[in-house]
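As structure tokens, the structure follows; a few thoughts come after it.
Keep in mind that the numbers below use all heavy atoms, side chains included, and drop hydrogens, waters and symmetry copies.
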Amino acid sequence: MTAPQDPYGQQDPYGQQPYGQGQGYPQGYNPQAYSGGYPTQQRASLDLAKVISIGAWVVLALTALTYLYGLTVEHVDFEDKFFGGLTTLAQGIFWSGLLHGVAVWLDKQKSST
């Protein structure tokens, strides 16, 4: 097939050929260098110590919010609300501290290896 011509019968000034004919790929293009998508990125491993630490803060925050919400109940005396919710607050603080301790222990284990 001859080189394409424009409607006026002139030759293509750039010497291009229709798709599928000729050299195949433009100059400087290496089809093996491209995988057909975005380059794969190395995923960082899951930092379990950080996840557990965030969970500990969430437990502490939810416990504190539950205690504060208990103080807003109107049908009970304030003293009963204040002292009655301390056991739940103490239990939440205990579990939060335990989770923080596990997170610190995991972090030290990771850094020592």
Side-chain angles (χ1 to χ4, degrees):
M1 180 174 190
T2 62
Q5 297 180 348
D6 67 6
Y8 302 108
Q10 299 174 347
Q11 290 283 47
D12 184 11
Y14 301 108
Q16 297 177 348
Q17 296 183 357
Y19 180 77
Q21 299 177 1
Q23 298 174 355
Y25 296 106
Q27 185 178 4
Y29 178 78
N30 182 4
Q32 283 80 23
Y34 301 100
S35 62
Y38 293 106
T40 57
Q41 295 178 350
Q42 190 72 4
R43 268 195 170 172
S45 62
L46 181 66
D47 189 4
L48 189 59
K50 185 180 282 188
V51 171
I52 291 176
S53 179
I54 291 171
W57 284 109
V58 169
V59 167
L60 185 62
L62 289 176
T63 303
L65 287 174
T66 303
Y67 178 73
L68 292 174
Y69 177 73
L71 292 178
T72 63
V73 177
E74 294 293 332
H75 64 277
V76 183
D77 291 335
F78 182 76
E79 294 84 18
D80 293 336
K81 293 186 286 188
F82 183 80
F83 292 111
L86 285 180
T87 55
T88 304
L89 183 63
Q91 186 179 14
I93 291 171
F94 169 77
W95 288 114
S96 177
L98 182 72
L99 286 173
H100 274 295
V102 169
V104 168
W105 179 77
L106 282 173
D107 195 37
K108 286 188 179 188
Q109 293 294 321
K110 183 179 72 171
S111 64
S112 67
T113 57

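- Listed by chain and residue number, Asp47 satisfy the side chain to side chain donor-acceptor pair (under 3.5 Å) test with Lys110 (two or more places apart in sequence, or in another chain).
- In this structure, the side-chain contact (heavy atoms from CB on, under 4.5 Å) partners of Ile52, at least two apart in sequence or on a different chain, are Leu48, Leu99, Val102, Ala103, Leu106.
- Among pairs with a residue in residues 94-104, none fulfils salt bridge (Lys or Arg N to Asp or Glu O under 4.0 Å), at least two apart in sequence or across chains.
- Here Leu46 sits in one hydrophobic cluster together with Val51; the rule is ILVMFWY side chains under 4.5 Å apart, joined directly or through other members.
- Taking the side-chain contact (heavy atoms from CB on, under 4.5 Å) definition, one finds that Val104 meets it with Lys108, sequence neighbours left out.
- Hydrophobic cluster of Phe83: the remaining members, joined at side-chain heavy-atom separations below 4.5 Å, are Trp57, Leu60, Tyr67, Leu68, Leu71, Phe78, Phe82, Leu86, Leu89, Ile93, listed by chain and number.
- When all heavy atoms of Thr63 and Val59 are compared, the closest pair comes out as OG1-O, 2.7 Å.
- Without hydrogens or angle criteria, Ser53 side chain to Ala49 main chain gives no donor-acceptor distance under 3.5 Å.
- Annotation: the span from Lys81 atom NZ to Thr72 atom OG1 amounts to 7.0 Å, rounded to 0.5 Å.
- For the residue pair Ala56 and Ser96, the shortest heavy atom distance occurs at O-OG, 3.0 Å.
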